[in-house]
Undergrad: 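Next up is a structure, given as structure tokens.
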Amino acid sequence: MANDKNQPPSGEPPQDENQIIAERRGKLARLRESGPAFPNDFRRKDLAAELQRAYGGKTKEELEAVKPSATVAGRMMLKRVMGKASFATLQDMSGQIQIYINNDVTGAETHEAFKHWDLGDILGVEGMVFRTNKGELSIHAAKLRLLAKAVRPLPDKFHGLADMEQRYRQRYVDLIVNPESREVFIKRSKIVQAIREFFVARDYLEVETPMMHSIPGGAAARPFKTHHNALDMELFLRIAPELYLKRLTVGGLEKVFEINRNFRNEGISTRHNPEFTMLEFYEAYQDYRYLMDLTEALLKEIAQKVLGTTTLAYQGVTVDLGRAFDRLTMAEAIAKHNPRYPLAELAKPEYLKIALAPFDIEVFPTDGVGLLQLKLFEATTEDKLVDPTFIIAHPVDVSPLARANDANPAVTDRFELFITGREIANGFSELNDPEDQAARFTAQAQAKEAGDEEAMYYDADYIRALEYGMPPAAGEGIGIDRLVMLFTDSPSIRDVILFPQLKAEEI
RNA sequence: GGGGCGUUAGCUCAGCUGGUAGAGCAGCGGACUUUUAAUCCGUUGGUCGGCGAUUCGAAUUCGCCACGCCCUACCA
């Protein structure tokens, strides 16, 4: 099958041909007989939403006195033919507007042609803006043209497209007929724009670092492998930009951010797509506490710009981003949300092992207090962190790139931000000691030798960069897709990615 | 990877315990000069996801496969 993929059809009619498509192909063939069937000489001057805004407040009489003209183009979503007069609803990028066609103004010949045009066709209209007896703002078409024929029918005009598979595979159809889907992607764009504005306003430099790495690093994940022919070289799609962005702080780009794709060769779920978008940012001469303040400010600003409020609803729960975010260690969070575990006991490995016993979690004799706390945290507390909560001081074992705490080297100066029980951000004071970093890489490389597929590689060039002196810095990553899920109340990551990864389909 | 559920006309969906497939919308034909999910009359359209089994007979029961959704595991 792989070989006939993406080959042009071979004379045989496509599998999904049907009566409706055949009918429309016939109409298209007749169109071709009378000139270009897909003309590109129509210039629209007005957008539906702008007309609604400009004339929405005018009465029927006021409009008749002024007779404003308008030129719009769009897809025909609804059509009502009533003999000698017809109505249609056009949809453009901004919204919808009704057009009115009759024999007197539009002309009988054009009207007759219009009657055979189909829902989904793209039309261009020029005419007077007026208000109908029922009060609908409309354009009385003086000129009306078919600009692009739709050979395939649109889904049900009232129910839209419900089949999730078809919505994901044929997003173009979903976007035409499901306004709420369009809204999600408009919001996504606004969120990304708000993020850019936030960092640019703080003198950050937006950069683009390689997506193809010879040594994948910066995260614990299995990479995609690829091959460069001319260089005859194995390459990996990046799992994170982190190590390159920190090289830039060595280079003197002291405030950098990147919004771009990461690729991880792992399972697919409602929260995981193989390629996903990450924001990562690094600032020299700052620490993780500063980052927590910055993160709060960022989320509040996005919420204000995109939603107009700091209160949001996600899948039935309300979250207030306006309040100060909680900052708790794992032990504190466990004790706070599970009163059955006293805080003082959570510092004792023996107690933690007993507490973990009822859960189906692997505990190793070598697990220290930090790891045991992490396991108990994930089992009992993570999903209870509905309101924004920073969890701080992660064990050093699970944070190979974070700076160890000066007072307690077993933990790192790190935080993760949880909202609605999900991790939204991960940041820390960066490890800039080349010898400490080399030792941690060595430990990771040994773990990889021992079979841990997600352990990191030893990155000698990264160590070399640190040896030139990296300024003390703090850095953070935020998964954009999950952030968009939160802000758009989307239950699945596929709802916020235009073309999510699915298994190959035979068309 | 493991478990559950789903797949019927272009779209949205009915179809009980097996008796040979329906509606609405869309399409086609007709009526209608201010409709708006227009309305009214008539009408076309389906190898019921695929393959196999049971049966006189399968959309319906059973098995396998494909694709999707949800949960779960790893992670962001």
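Sequence lines set the chain letters: A, B, ... in the order given, protein chains first and strands last, and positions in each chain run from 1.
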Undergrad: From B:C69, B:C67, B:C70, pick the nucleotide closest to the side chain of A:R169?
TA: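 Given the options B:C69, B:C67, B:C70, the side chain of A:R169 is closest to B:C67.
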
Undergrad: Mind checking A:L161 for me? I need base, sugar-phosphate or nothing, with any heavy atom below 4.0 Å counting as a touch.
TA: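 Counting heavy atoms under 4.0 Å across all strands, the contact made by A:L161 is with sugar-phosphate only.
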
Undergrad: Look at atom CE of A:M212 and say whether more than 12 heavy atoms of other residues, nucleotides or ligands are closer to it than 6.0 Å.
TA: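 Atom CE in A:M212 is not crowded, with 12 or fewer foreign heavy atoms closer than 6.0 Å.
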
Undergrad: Contact class for A:D104 (heavy atom, under 4.0 Å): base, sugar-phosphate, or nothing?
TA: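 It contacts base atoms.
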
Undergrad: Classify the angle between the aromatic ring planes of A:H111 and A:F114 as parallel (below 30°), tilted (30 to 60°) or perpendicular (above 60°).
TA: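 Ring orientation of A:H111 relative to A:F114: tilted.
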
Undergrad: Within this structure, what is the NZ-to-P distance between A:K503 and B:C69, rounded to whole angstrom?
TA: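 After rounding, the gap between these two atoms is 11 Å.
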
Undergrad: Using a cut-off of 4.0 Å on non-hydrogen atoms, how would the nucleic acid contact of A:S86 be classed: base, sugar-phosphate, or nothing?
TA: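 Nothing, no nucleic acid heavy atom in range.
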
Undergrad: Does a side-chain N or O from A:R152 land closer than 4.0 Å to OP1 or OP2 of B:G27, or not?
TA: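 For B:G27, neither OP1 nor OP2 has a side-chain N or O of A:R152 closer than 4.0 Å.
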
Undergrad: If I pick the C1' atom on B:G10 and the same atom on B:C64, what distance separates them, to the nearest angstrom?
TA: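 It comes out at 30 Å once rounded to the nearest Å.
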
Undergrad: B:A23 pairs with which nucleotide, Watson-Crick or G-U wobble, both distances below 3.5 Å?
TA: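 Pairing partner, where one exists within any strand: B:U12.
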
Undergrad: Pick one: which of A:Y244, A:F224, A:F236 meets ring-ring contact (aromatic ring centres under 6.0 Å, His included) with A:H213?
TA: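 Considering A:Y244, A:F224, A:F236, a ring-ring contact (aromatic ring centres under 6.0 Å, His included) with A:H213 is found only for A:Y244.
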
Undergrad: Does the ring center of A:F428 lie less than 6.0 Å from the ring center of A:Y288?
TA: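 No; A:Y288 has its ring centre 6.0 Å or more from that of A:F428.
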
Undergrad: Is it true that, when you exclude A:K115 itself, more than 12 heavy atoms of the residues, nucleotides or ligands shown sit nearer than 6.0 Å to its NZ?
TA: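 Buried by this count: over 12 neighbours within 6.0 Å.
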
Undergrad: Answer yes or no: does atom CZ of A:R80 have more than 12 heavy-atom neighbours from other residues, nucleotides or ligands under 6.0 Å?
TA: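 Yes, because the 6.0 Å sphere around CZ of A:R80 holds more than 12 heavy atoms from other groups.
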
Undergrad: Spell out protein contact along nucleotides 34-42 of chain B as letters: B when the base is contacted, S when just the sugar-phosphate is, - when no protein heavy atom is under 4.0 Å; keep the 5' to 3' order.
TA: BBBBB----

Undergrad: A:Y168 side chain: which of B:G27, B:C69, B:U12 is closest?
TA: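 The nucleotide sitting nearest to the side chain is B:C69.
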
Undergrad: For A:A221, report the nucleic acid contact type (base, sugar-phosphate, nothing); a contact means any heavy atom under 4.0 Å.
TA: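 Answer is nothing: A:A221 stays at 4.0 Å or more from every strand.
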
Undergrad: Partner lookup for B:C5, please. Criteria are Watson-Crick or G-U wobble with both distances under 3.5 angstrom; report none if nothing qualifies.
TA: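 Because both required distances fall under 3.5 Å, B:C5 counts as paired with B:G68.
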
Undergrad: Categorize A:K115 for me: base, sugar-phosphate, or nothing, with a 4.0 angstrom heavy-atom threshold over every strand shown.
TA: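 Nothing, no heavy atom under 4.0 Å.
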
Undergrad: Please find out if less than 6.0 Å separates the ring center of A:F281 from that of A:F199.
TA: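 Yes.
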
Undergrad: Rounded off to whole Å, could you give me the CD1-to-P distance for the A:I21 and B:A26 pair?
TA: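 Going from CD1 in A:I21 over to P in B:A26 covers 17 Å.
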
Undergrad: Does the ring centre of A:Y100 sit less than 6.0 Å away from the ring centre of A:F130?
TA: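 Yes, close enough.
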
Undergrad: Within the 4.5 Å heavy-atom criterion, are A:D118 and A:M76 side-chain neighbours or not?
TA: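 When only atoms from C-beta onward are counted, A:M76 and A:D118 do not touch, as no gap falls below 4.5 Å.
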
Undergrad: Would you mind telling me which of B:G29, B:G27, B:C71 lies closest to the side-chain atoms of A:H116?
TA: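 Closest of the options to the side chain of A:H116: B:G29.
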
Undergrad: Which base sits across from B:G45 as a Watson-Crick or G-U pair, both distances under 3.5 Å?
TA: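 No nucleotide pairs with B:G45.
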
Undergrad: Which of the following nucleotides, B:C74, B:C28, B:C69, is nearest to the side chain of A:E454?
TA: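 Looking only at heavy atoms from C-beta outward on A:E454, the closest nucleotide is B:C74.
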
Undergrad: Does the structure show a Watson-Crick or G-U wobble partner for B:U36, both distances under 3.5 Å? Name it, or say none.
TA: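 Answer to the pairing question: none, since B:U36 forms no Watson-Crick or G-U pair.
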
Undergrad: Near RNA chain B, under 4.0 Å by heavy atom, which residues of residues 419-429 of chain A?
TA: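 Within this stretch, A:E423 sit under 4.0 Å of the strand.
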
Undergrad: Taking any heavy-atom pair under 4.0 Å as a contact, classify A:G160: base, sugar-phosphate, or nothing.
TA: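 Sugar-phosphate contact only - A:G160 comes under 4.0 Å of backbone atoms but never of a base.
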
Undergrad: Rounded to the nearest angstrom, tell me the gap between atom NZ in A:K375 and atom C1' in B:A73.
TA: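 A:K375 atom NZ is separated from B:A73 atom C1' by 15 Å.
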
Undergrad: I would like to know whether A:F377 and A:F418 meet ring pair (Phe, Tyr, Trp, His ring centres under 6.0 Å); could you show each step before the answer?
TA: CA-CA 12 Å; A:F377 170 78; A:F418 290 86; 5.5 Å; yes

Undergrad: Any protein N or O atoms within reach of nucleotides 1-9 of chain B? Criterion: under 3.5 Å, listing atom names and distances.
TA:
none

Undergrad: Does NZ or CZ of A:K448 fall inside the cone over A:Y457's six-membered ring, less than 6.0 Å from its centre and within 45° of the axis?
TA: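 Yes; both conditions hold, so A:K448 lies above the ring face of A:Y457.
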
Undergrad: Distance check: side-chain N/O of A:Q166 vs OP1/OP2 of B:G68, anything under 4.0 Å?
TA: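 Checking A:Q166 against B:G68: no side-chain N or O falls below 4.0 Å of OP1 or OP2.
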
Undergrad: Could you please name the option among B:C69, B:U72, B:C28 that lies closest to any side-chain atom of A:S269?
TA: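 From the listed options, B:U72 comes nearest.
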
Undergrad: If pairing requires Watson-Crick or G-U wobble contacts with both distances under 3.5 Å, which nucleotide is the partner of B:U61?
TA: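 Check on B:U61: paired to B:A53, both distances under 3.5 Å.
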
Undergrad: Tell me the interatomic distance from A:I20, atom CD1, to B:G29, atom P, rounded to whole angstroms.
TA: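 So the CD1-P distance, A:I20 to B:G29, works out to 13 Å.
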
